[in-house]
Structures are given as structure tokens and as C-alpha cells.
Amino acid sequence: MRKSLLVLGGALILMHNYAFAQRSCGAQQVRASIIAKHPEAAQKFEEQRASLQGIADNYKLHIKTGVAEKTTATSPIPVIFHIVVNSAQFTQLGGTAGISRRCDSQIAVLNRDYNRQNSDSVLIPSLWKPLYASAGIHFGLAHTDPTGHATPGYEVKITSTSFVEGPNSYSDAKHAGTSGLDSWDETKYLNVWCINFSDNTGLLGVTVPKSYGTSLSEVGICINYGVLGKRSSPSDYYIQSGTSLNYYDLGRTLTHEIGHFFEIWHTWGDDNGLCPFYVKASCPYHGTPTAGSGSDDGLNDTPPEGDSKYDVPVYTGILGGTFHDCCATDTFGTSYQPIGVASLDFMNYTDDKAMQLFTPDQAAVMATQVSIVGVVTGENYSLTQNPGLLNWPANTGIEQTTIKNGLNIFPNPSTGTLYITFNQATDELKQISIFNIIGQEVQNINIAEQQKEYYSIDLSGMSKGIYFVRCNFASGSITRKILLQ
Ligand SMILES: [Zn+2]
């Protein structure tokens, strides 16, 4: 009996090894694929990395002298989540209500992590406390879409297509013509696609920043649908981490990817385990790096680091609780960076619960992106210039003109029964949901029980006021504001 239990235990451990993936991010692969097409880009990327410390120093100087204008405190960046999944994954996310909850929690996580307000900062070791910085960047769900209609801040497309890495980094998911959802104006919205990376179980995010010079329609962030937002219930579906004890369920994947969107690098510099300066001889610590002078992230206040760190690093207890690898700080290879490596940085590969901060230099590079610093306007400054997109559009009366699919929702205003018609030949309706003015789902219509191309919805008994009717079609979703009288 005991023997068979042991055998069973061994089998379970093996299964765990297969089932759980260590975090990875496509930043290095995106640069590599651009270099493969345009070899001259390699030098451009190195120049960009080499310029970062100067950008950080310049920002800090201008903030000190009051010349930098930081903009997002009063004008958060409008975020649109494009959810492109199959019907089983849509169910895993908890349907429209689950997606709505995840998007809300994701925005809350971003606003905490980018503004030095994350409550798990209590876990930061004492020697790292002075490096816990605020980027001062704020985010909000977009509530007006590019056509001026209401949006809950996300749109859903149900597709059976699986997305695999291509030359433009999951480009198919970013275009309606290839089973995805088109990006919204990249100068006004931060586009985030939540998709299934069917070819890579450990890949959680891939970002294409504006500076990479690809088509604007490729600019934005793809994350694995199973890491969107922060867990609100034990039954929520999230991707499990390499330790098998944790999940990527605190919304930190998007915190990390937006770091790339604002041009900061992984703390170890994507150089396959090399130290940027020197290697300590006979190093007893974790993650022994390869000898040689590699690259790091180009910033002074993230310590020299060999390779990515995973899971939840166990601090050695030395030097006030820091985590070390073998990258040394002096010519003789005798000295460690006293504070250890940035395993707790949002730009590392540790589990969500093990990362808590951006450093001042990282924060300064990112803040530059959305600021006017001296005479230089940040690359993403325009994202902060459309605060109206965060608001629900003003009441447009009874206008219910179809914009696509022949969709018509009437009468509006309604006194009880609402009718929805559309052209089934051009599109397939997947779901109808009704939201109240604060975004809560108040009705979810079972479309399987009704006729195609014609639905009636009973609103009698609901409080009078403004509601939003959201129709999820195979080609995308449409939301209409209605007035119940
Ligand atoms: Zn990354």
C-alpha cells in the first residue's frame, strides 16, 4: 500500500512539471524578429538601451527644477481590452461578467503599481525601500469608442482560431481580417489584446512599443487571457506559475508589459545570463551567471544581474534580506552589489506575489513617455490628451442608426420591451447583455432560446434610467445606450 502511494505521488509530481510554466515574455523575441528582417535595427536597439540612463537623469533634473510637466494625474490613459478567445476560454473567464470584473481589477492594479500604492510593498526588504518609486502614471477604462459610442472598456470576439507567433508578434489577433480585433487609434488608446498563445504555454505577454517602427496597427500589448486582472474568487481561472503553488493572478503581467510599452527593459538585459561588469569567483549564490561583460537594462539603480529570476526567490538572510546572483561590482570580482539583484522588480520574471516595485530610474524613463520634459514631448504624451474618452458618451437621444451588421435596437426610449434585429447573414450573434450606468451586468439574455435575427427583451420591472445593451457578434461587439422610461 505504501509503495503504491509513493508511485502515485511520483506520477503527480511529474504531471505538475508538465502542467506549470515559468513566466516568459516576448520582449527579446520581438526585437529578434525585427532584427531578422532589418539587421540595422540591432544597433538601434542598443542605442536605445544606452540612452535610457540619460533619459532618466534628464527627467529627474527637470522634475527637480519644475520644468517637466507630468500629465496623467489629471488625465489617465484610456485603456481598451480586446478579448479574442474561443467559446471555452470565454466561459473560463466567467463570460461577460467575469471579463468586466477582470478589466476593472486590472486597471486598479495598474494604478496602484504605477503610483507606489501596492499594499504588498510591506514585503520589500529594508535595503530596497529607498528604491521603491512612483511612475505617476494613471490608467482608466475607455468608455467612448472611436465612433463616439459607449464601450465598457473591453470588446469580445469569439473565434475558434488559435494564435501563433508570427513575424509581427501575434499580429493576426490585432486585425479583424485575420480573426482578431482591430486596434483603436494608437495615439489615443492603449490597446491590450487578451488572447491564447496557443504555441507557448509559458508566454504571458508580448509588447510592441511605438519606437519599434512597425505598423501602428501592431503597436500595443498582447497578454495571455488567463492572466488578465486580479483574482476575485478562488474559482477564477488563472494560469499557474512554475512553482505549482502560485498563480499569475495579481495582474502583474500587464504591469510588466506596460513597462516595455514605456521602453524599459528586463533587469538582466536579455543577454542570456551574462553579467554586465564582473563575475564573483566561487560564488555560492543563486543563478550563477556566465563570465563576460554582458548588458543589463541600461539603468544604474537596478543592480548588475546575470539572468532572469523565477518563482518566489528565497532570500538568503544576508545583508538585511536580499537575493543575490554572482554578478560582482568591482574589477577584482570580490564585491557583490550590497542590495542583491532586482528579483522583486516588476521587470523580472518572478511570480506575481514576488514582485513589488519599479526603481526611480525605471519610473523616470516611463514618466518621460507621457510628459513634456523641457522642450521634448514624450513618445506617448498623446495618450494623456483625450480625457473625454474615459467618460460615457453624452446621451445621443433616440439615434439608433446601424453602424454594422444591420443592428437595430428599438424603440429607444423604451417603456418595457426592447427589440433587437440584425443581419444574420453577415454576422453571428453570440450574446446579449444589459449593463446599468455603473457598468454592472443586470441581464444576460439566453439567445439560444430565441429566434435568430430577432430578439425581444423584457425590461419591465427594472428601474427607469439609462442602460447599455451589449451585443457580442462573431466579428466583435457593439454597445448601445438606451433609456428606459
Ligand atoms: Zn518582459
Side-chain angles (χ1 to χ4, degrees), residues 21-35 45-46 48-49 52 106 109-110 113-114 135 137 165 168-170 173 190-195 197 199-212 214 218-228 239 241-242 246 248-274 276 287 294-299 302-303 305-311 313 341-359 361-363 365-366 369 380:
Q22 286 188 316
R23 181 192 297 276
S24 86
C25 150
Q28 192 173 358
Q29 288 83 342
V30 169
R31 287 192 296 268
S33 67
I34 291 172
I35 291 168
F45 288 134
E46 286 313 312
Q48 189 264 349
R49 168 161 39 194
L52 292 179
Q106 183 66 71
V109 166
L110 295 176
D113 288 352
Y114 276 80
I137 301 174
E165 172 68 312
N168 286 317
S169 180
Y170 297 91
L190 175 58
N191 287 276
V192 180
W193 288 268
C194 304
I195 65 172
F197 299 123
D199 55 337
N200 190 331
T201 54
L203 185 63
L204 302 188
V206 186
T207 295
V208 178
K210 284 189 177 136
S211 68
Y212 282 13
T214 52
E218 307 289 344
V219 168
I221 298 165
C222 291
I223 61 170
N224 197 310
Y225 75 98
V227 297
L228 171 61
I239 293 177
S241 84
N246 298 316
Y248 302 113
D249 62 355
L250 299 179
R252 257 63 192 259
T253 298
L254 193 55
T255 298
H256 174 115
E257 293 303 324
I258 290 176
H260 290 312
F261 187 81
F262 290 142
E263 306 287 2
I264 57 175
W265 288 52
H266 292 142
T267 51
W268 68 94
D270 291 331
D271 57 358
N272 301 316
L274 296 170
S295 306
D296 263 7
D297 59 1
L299 297 174
T302 53
E305 185 171 355
D307 215 341
S308 46
K309 304 297 181 288
Y310 294 99
D311 306 325
V341 294
S343 63
L344 71 175
D345 195 289
F346 291 130
M347 300 313 286
N348 218 311
Y349 272 178
T350 45
D351 287 351
D352 278 19
K353 65 186 285 188
M355 45 175 66
Q356 292 102 27
L357 61 76
F358 289 117
T359 67
D361 284 346
Q362 289 176 321
V365 169
M366 294 193 290
Q369 286 271 322
N380 281 294

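Atoms within a ligand are numbered from 1 in the order they appear, just like the ligands themselves.
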message = Tell me the angle that SG of Cys25 and NE2 of His260 form around the Zn ion (ligand 1), rounded to 10°.
response = 110°
ask   = Relative to the Zn ion (ligand 1), which of the N, O or S atoms in His256 is the closest?
value = NE2
key: With sequence neighbours excluded, residues passing side chain to side chain contact (heavy atoms under 4.5 Å, CB included) with Gln48   = Leu52, Glu263, Trp265
Residues that Asp296 engages under side chain to side chain contact (heavy atoms under 4.5 Å, CB included), provided they are two or more places apart = Pro276, Pro304, Glu305
request  = Report the name of the N/O/S atom of His266 located nearest to the Zn ion (ligand 1).
outcome  = NE2
query = Is a side-chain N or O of Tyr114 found less than 3.5 angstrom from the main chain of Thr255, in a donor-acceptor match?
reply = yes
inquiry  = For the backbone of Gly269 and the side chain of Arg49, can you confirm whether one donor and one acceptor N or O come within less than 3.5 Å of each other?
reply    = yes
